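Predicted, not measured: the structure shown is a model, and the values here were computed from it. Letters go in sequence order (proteins before strands), and every chain restarts at 1.
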Amino acid sequence: MENHFLHKAGVDLIPQIKEGFNNLLSSKLRSFLAVLGIMIGTASVVAMVSCGQLATRQALAQFKKLGTDLLSVSIYSDNQGQEQSNGGQAQQKLTVKQAMDMTTAVPGILEVAPYATLFNDTSYAGKKLNIGGIIGATQTLQDVIKIDITQGRFISFLDKYAYYCVIGNKLAENLKKDGLLNPVGKQLHIGKNFFTIIGVAGPWAENSFFNQDVNNSIIIPLSTATIINKYADINNLVLKLNTGADIPNIKDGINKYINDQVSGKRTFIRSAQELIASMKNQRKILTLLLALIGSISLIVGGIGVMNIMLVSVVERRKEIGIRMAIGARRRDIQSLFLIESIALSLFGGGLGVIFGILTSYFVALFSNWGFTIFTLPPTIGFGVSVAIGIFFGFYPAYQASQLDPIETLRSD
Amino acid sequence: MSSLIELKDIHKSYWIGDKEEPVLKGINFNVEEGDLLSIVGASGSGKSTLMNIIGLLDSPTSGEYYLNSQEVSTLTDDQRALTRNRTIGFVFQSFFLLPRLTTLQNVCLPHLYRNTPAQESRDKAMEMLQKVSMDHLHKNRPNQLSGGQQQRVAIARALVGTPSLILADEPTGALDSKTGREVMDLFIQLNAEDRTTIVIITHDPAIADECKKVVRVADGHVVDVS
């Protein structure tokens with residue numbers, strides 16, 4: 001009889017799993033509620049992470065549409081206060097020509113679009129216009145930040161100091177309400193001057209390399225801008241680079257060029273690639289945060305499973321005693337209960353993955369995002385729910401296994 | 001030939017607060033293979049504690065217990081579980097069948113903890129149900145059976161693992177006299193036909209009288225073996 005102690009100790013899993021399912025089915029409502037808890041938790045993790053990823057992808061796609069070959073340059077005065085106190089000495093400004101010459105001075109630059117922003121009062125037919133700003137720009141801006149023209153034409157180099165302007169889409173809509181159906185050729189008042197409208201821009205998608213809203217702006221030739229407003233400095237440039245350009249090198253070149261042309265300036269340069277990298281990083285943090293929020297409900301679901309298993313252990317004390325008398329070892333009792341809680345979690349997790357994906361599908365549908373099933377969220381959702389089942393099932397199962405068979409058999 | 005069970009100077013005390021309460025005060029007796037033995041005593045005599053010790057559900061405070069010539073009072077929990085599974089078949093006063101399982105599944109249970117293949121386990125269980133004339137109700141659940149029928153199923157469950165010993169705790173206690181009679185007849189028949197060793201714990205002298213051997217317990221001592 002000694003040798004049977006040496007036998008393989010494990011009990012076959014399949015009959016145990018069958019038993020577990022039988023037990024769960026015998027208290028259907030309770031099992032259903034536990035499954036529901038895990039399902040909601042898993043669904044929220046899956047949906048939140050999926051939506052996070054879909055939103056990230058959407059944002060990146062929009063961003064990439066603008067072109068990943070853009071570079072924005074902002075120019076600041078190094079010590080503005082001091083210069084102003086110097087009074088007499090004129091502040092050095094970058095001229096249009098200096099800005100445009102950057103393409104030849106710094107290799108790797110395809111196009112330069114310098115611009116200035118002005119805030120003169122504007123009016124049409126005596127009525128003040130509520131606009132975002134006046135942009136002094138060159139012909140290159142149209143291509144660099146992709147402005148569509150629906151009527152007339154865009155600013156040209158040939159316009160030089162002409163009093164011409166191009167109006168944004170939203171501004172055109174507003175003027176239409178005021179009865180201006182055909183704006184090209186009509187005149188606007190900017191400051192003291194009349195400007196002839198030569199073109200209307202189509203709807204413009206916002207671009208993080210351009211700090212004005214084209215839709216609600218008036219675009220005038222840059223040279224004109226510098227003469228009608230003495231504060232119209234070329235403080236910003238958008239650059240389009242050659243594909244595969246060496247960005248750090250170009251940044252150095254631009255810095256050097258600007259410092260050679262004008263003294264006492266500081267530049268701040270952002271590239272699309274850097275922006276995409278930081279955007280991805282931010283989005284990753286956001287997605288992680290969403291996953292954490294979802295996990296809270298999953299933990300609540302896990303506590304539900306634990307609660308149900310604890311009740312089940314108390315209710316089945318006698319059964320535990322009988323099984324022990326018949327020869328179940330402590331670990332057999334433990335696995336009996338653990339299997340049940342894992343089964344609940346697996347089932348809830350599986351349903352949760354389906355519901356989570358459905359939810360993210362509908363969110364994507366209503367937000368007009370493209371929809372794809374990512375592998376990460378279901379994997380995380382399912383994995384975590386199983387882990388929760390084991391974690392929260394372990395204590396009740398352990399408790400069951402530590403019961404004293406004599407006492408459980410005596411209990412009613 | 002050595003005995004199936006040898007109990008040597010078994011003591012068992014419980015601690016109530018910090019006071020030691022002796023329940024068994026030196027029990028000595030043997031059970032031979034093929035015995036039909038009853039342990040008789042009033043309630044509080046210590047017979048239930050004695051049964052728990054014989055059934056390896058409890059360990060003595062001191063003393064030696066040889067089961068199949070092996071000292072078992074020092075076994076680990078797992079070894080005791082295995083020994084209960086293979087060597088002892090329990091029959092309880094209130095049957096203790098699992099209510100969610102069918103008759104057949106209940107009888108299969110001991111084999112679940114032995115990794116017996118499902119088909120073989122079912123065959124053996126059916127065989128045992130035939131032996132106790134319950135095979136026609138193998139699909140029923142315990143609550144669809146009478147007390148006497150449930151106890152027969154419980155006996156089949158005790159027998160299915162071919163244990164060396166059937167340990168029955170007041171097996172007729174919850175039954176009316178007629179069905180109690182039938183259960184006793186079944187024990188006597190099993191003992192006579194298959195030489196199954198049966199130990200019956202009871203307070204009922206009438207039951208004890210039907211056994212070949214009687215161990216009388218009072219106040220933690222064996223007062224008489226006959």
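- In terms of non-hydrogen atom pairs under 4.5 Å with chain B, the most contact-rich of A/G321, A/G327, A/P405 is A/G327.
- Interface residues of residues 45-61 of chain B toward chain A, defined by a heavy-atom distance below 4.5 Å and sorted by number: B/N52, B/L57, B/D58.
- Interface check for chain A: of the options B/T76, B/I88, B/L109, B/L97, the most heavy-atom pairs under 4.5 Å are formed by B/L109.
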What verdict does the side chain to side chain contact (heavy atoms under 4.5 Å, CB included) test give for B/K8 and B/Y66, after you've listed the backbone C-alpha separation in whole Å, the side-chain angles of each residue and the deciding distance to 0.1 Å? CA-CA 8 Å; B/K8 288 186 179 166; B/Y66 294 92; 4.3 Å; yes
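- Using modelled atom types, one side-chain atom of B/R141 and one backbone atom of B/R100 make a donor-acceptor pair closer than 3.5 Å.
- With a 4.5 angstrom heavy-atom cutoff, B/F90 touches chain A only via side-chain atoms.
- At a threshold of 4.0 Å, the pair B/D77-A/R329 does not count as salt-bridged, since none of the basic side-chain nitrogens sits closer than that to a carboxylate oxygen.
- Looking at A/R323 and A/E319, a side-chain N of the basic residue comes within less than 4.0 Å of a carboxylate O on the acidic one, giving a salt bridge.
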B/H111 and B/T116: CA distance, side-chain angles, deciding distance, side chain to side chain donor-acceptor pair (under 3.5 Å) verdict: CA-CA 5 Å; B/H111 279 291; B/T116 310; 2.8 Å; yes
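- At a cut-off of 3.5 Å, with distance as the only test, no side-chain donor of B/E21 or B/S13 sits close to an acceptor on the other residue.
- Annotation: the span from A/I303 atom CD1 to A/I388 atom CD1 amounts to 8.5 Å, rounded to 0.5 Å.
- Nearest heavy-atom pair across B/E71 and B/Y65 is OE1-O, 3.0 Å.
- For chain A, the nearby part of B/L101 is the side chain; its heavy atoms alone come within less than 4.5 Å.
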